[in-house]
Amino acid sequence: MTHEFLRPRPNPRLVSIVMPFYNEQEIFPLLRPQLSQFLDNSPYPCEVIAVNDGSSDQTIDLLVDWAKADPRIKVLNLSRNFGHQYASTAGIDHASGDAIVLIDADLQDPLEVIHQMVEQYCKGYDVVCGQRVARAGESVVKKFTAWVFYRSMRVFFLKNLPPDVGDFRLMSRRCLDSLREMRELHRFLRGMVAWVGYPQICVPYQRQARAAGETKYPLRKMIRLAWTAAISFSALPLRLSFLGAAAMTLVALEEAARALVAHFSGKTVPGWTSLMLVLCLSNAALMIAVGILGEYVGRIYEEGKGRPLYLVADSWNLAQRENPEDAAGFHRLNEADDKAVYRP
Ligand code: UDP
Ligand code: MG
């Protein structure tokens with residue numbers, strides 16, 4: 001039985017499309033007409049928050065030109081290259097829509113999928129993730145590493161991270177406000193959105209090849225993101241060091257016992273037993289101390305993130321946080337919907 005309630009709502013009053021750009025000048029001849037057409041034909045008003053993440057090419061000039069010609073295009077220029085997760089964060093911080101869509105600038109994620117996402121938003125879902133059923137034009141290495149990454153994340157760290165879901169997603173205002181409370185420095189946005197909760201659902205789509213330019217995510221950056229993902233959501237690596245310390249302690253005790261036995265059977269030179277004992281036991285004590293220290297460091301790390309302690313989705317007879325006009329009543333998720341929803 002689900003505890004989540006869907007809150008059907010009308011079309012959003014404004015959809016904010018957040019796009020990070022890093023050296024994407026080649027994409028403009030394709031992106032500008034496609035996105036302008038999308039904005040013109042959209043049944044709900046949209047704004048675009050374009051974030052220039054310290055590009056060293058013509059990207060910012062092209063963005064400024066576009067913004068001058070079209071007031072729906074809003075541009076943020078970061079002071080240097082901070083990376084995709086930070087550029088996206090800057091963009092969503094400045095979005096003013098009821099629904100916010102995070103999408104890459106390279107046209108790998110088709111703009112039309114946004115309409116399907118808004119459809120789910122109107123049903124009451126707070127997070128609608130684009131799930132890649134096919135990835136065109138990506139190298140075997142990239143596909144394989146992505147496959148391994150999502151599976152191992154789900155097994156070891158964040159078991160409800162939906163597989164094959166990137167950062168392309170729609171979020172409701174209340175989900176975004178919760179996300180904005182999470183100011184942690186090491187950011188893995190898709191995991192953070194999973195952590196936030198609220199009714200979440202995926203829409204499948206075909207991921208296209210990059211329309212122009214080259215990937216800005218070389219293997220080095222992907223490994224860094226995967227590592228952030230792994231250690232941001234679990235204390236498992238720290239716990240492993242504690243388990244290692246415990247295992248080493250057992251070995252140390254066994255070695256000490258063997259040294260004592262050898263001593264009493266008279267097979268040793270004088271001084272060896274005491275040396276062995278001191279060595280084994282002090283090493284064991286040291287390792288336990290490091291393990292305990294690790295636990296405390298882990299907790300400081302958790303505290304340092306300053307995440308909200310809990311998030312309330314609905315309330316009755318208490319002050320409503322949501323605009324009552326938005327809600328045309330509540331209903332529970334039905335069984336079929338329930339299967340499609342993932343929960344962190
Ligand atoms: N990006 C960014 N800062 C960076 C790297 C990438 O803003 O340091 C942007 C990039 O311009 C694109 C999006 O993040 O809009 C995703 O990058 P990319 O398409 O290269 O990643 P991939 O799809 O290959 O994983
Ligand atoms: Mg891309």
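On a predicted model such as this, the values are computed, not experimentally measured, just so you know. Indexing begins at 1, ligand by ligand and atom by atom, following the structure's order.
Within 6.0 Å of the CD atom in E214, the count of heavy atoms belonging to other residues, nucleotides or ligands does not exceed 12.
Using a 30° and 60° split on the angle between ring planes, F168 and Y205 fall in the perpendicular class, above 60°. Relative ring orientation between F82 and Y86 is described as tilted, the plane-to-plane angle lying within the 30° to 60° band.
Remark: I60 CD1 to E24 CD distance equals 13.0 Å, nearest 0.5 Å. Taking CZ of F188 as the start and CD1 of I231 as the end, the distance is 12.5 Å to the nearest 0.5 Å. With rounding to the nearest 0.5 angstrom, the CG atom of D167 is 7.0 Å from the CG atom of D104.
At the top of the distance list for atom 9 (C) of ligand 1, counting protein heavy atoms only, stands P20 O, 3.8 Å. Protein heavy atom closest to atom 5 (C) of ligand 1, with residue, atom name and distance, is K216 CB, 3.6 Å. If you check which protein heavy atom lies closest to atom 14 (O) of ligand 1, you get H84 CD2, 3.2 Å. Of all protein heavy atoms, the one lying nearest to atom 23 (O) of ligand 1 is Q108 OE1, 2.7 Å. Scanning the protein heavy atoms around atom 1 (N) of ligand 1, the nearest turns out to be Y22 CB, 3.7 Å. Of the protein's non-hydrogen atoms, the one nearest atom 17 (O) of ligand 1 is Y217 CD1, 3.9 Å. Closest protein heavy atom to atom 19 (O) of ligand 1: D106 OD2, 2.6 Å. With respect to atom 25 (O) of ligand 1, the closest heavy atom belonging to the protein is K142 NZ, 3.0 Å.
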Decide side-chain hydrogen bond (donor to acceptor under 3.5 Å, both in side chains) for Y22 and H84; before the verdict, give the C-alpha distance in whole Å, the side-chain angles of both, and the deciding distance to 0.1 Å. CA-CA 8 Å; Y22 179 52; H84 179 213; over 6 Å; no

After noting the C-alpha distance and the side-chain angles of C202 and R169, does the key distance pass the side chain to side chain contact (heavy atoms under 4.5 Å, CB included) rule? CA-CA 9 Å; C202 296; R169 64 188 60 220; over 6 Å; no

Test side chain to side chain contact (heavy atoms under 4.5 Å, CB included) applied to L311 and W195, step by step: CA-CA 10 Å; L311 296 163; W195 186 91; 4.3 Å; yes

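Close approach of ligand 1 to F21 (heavy-atom distance below 4.0 Å) involves ligand atoms 7 (O), 11 (O). Close contacts of ligand 1 with A105, meaning ligand atoms under 4.0 Å from a residue heavy atom, involve 15 (O). Every atom of ligand 1 is numbered from 1 in the order shown, and the set under 4.0 Å from a heavy atom of E24 is 10 (C), 11 (O), 12 (C), 15 (O). Using a 4.0 Å cut-off to heavy atoms of N81, the atoms of ligand 1 that qualify are 3 (N), 4 (C), 8 (O). Short contacts between ligand 1 and T215, defined as distances under 4.0 Å to a heavy atom of the residue, involve ligand atoms 20 (O), 21 (O), 22 (P), 24 (O).
For R207, every heavy-atom contact with ligand 1 shorter than 4.0 Å involves the side chain, none the backbone. The proximity of D53 to ligand 1, defined as any non-hydrogen pair under 4.0 Å, is limited to the side chain. When heavy-atom distances to ligand 1 are checked against a 4.0 Å cut-off, V51 has no atom that comes that close, whether in backbone or side chain.
The shortest heavy-atom distance from K221 to ligand 1 is under 4.0 Å.
Nearest heavy atom pair, residue P308 against residue M182, reads CD-CG, 3.8 Å.
A side-chain N or O of Y198 and one of S178 form a donor-acceptor pair less than 3.5 Å apart.
Looking at D106, its N, O or S atom nearest to the Mg ion (ligand 2) turns out to be OD2.
Y301 does not carry R299 over the face of its six-membered ring by the limits of under 6.0 Å from the centre and within 45° of the normal. The side-chain tip of R9 points at the ring of Y121 from less than 6.0 angstrom away and within 45° of straight on.
Taking backbone and side-chain atoms together, Q108 has an N/O/S atom less than 2.8 Å away from the Mg ion (ligand 2).
In terms of polar-atom proximity, R210 is counted as a contact of ligand 1, with an N or O under 3.5 Å from an N or O of the ligand. Between A87 and ligand 1, not a single N/O pair is under 3.5 Å apart.
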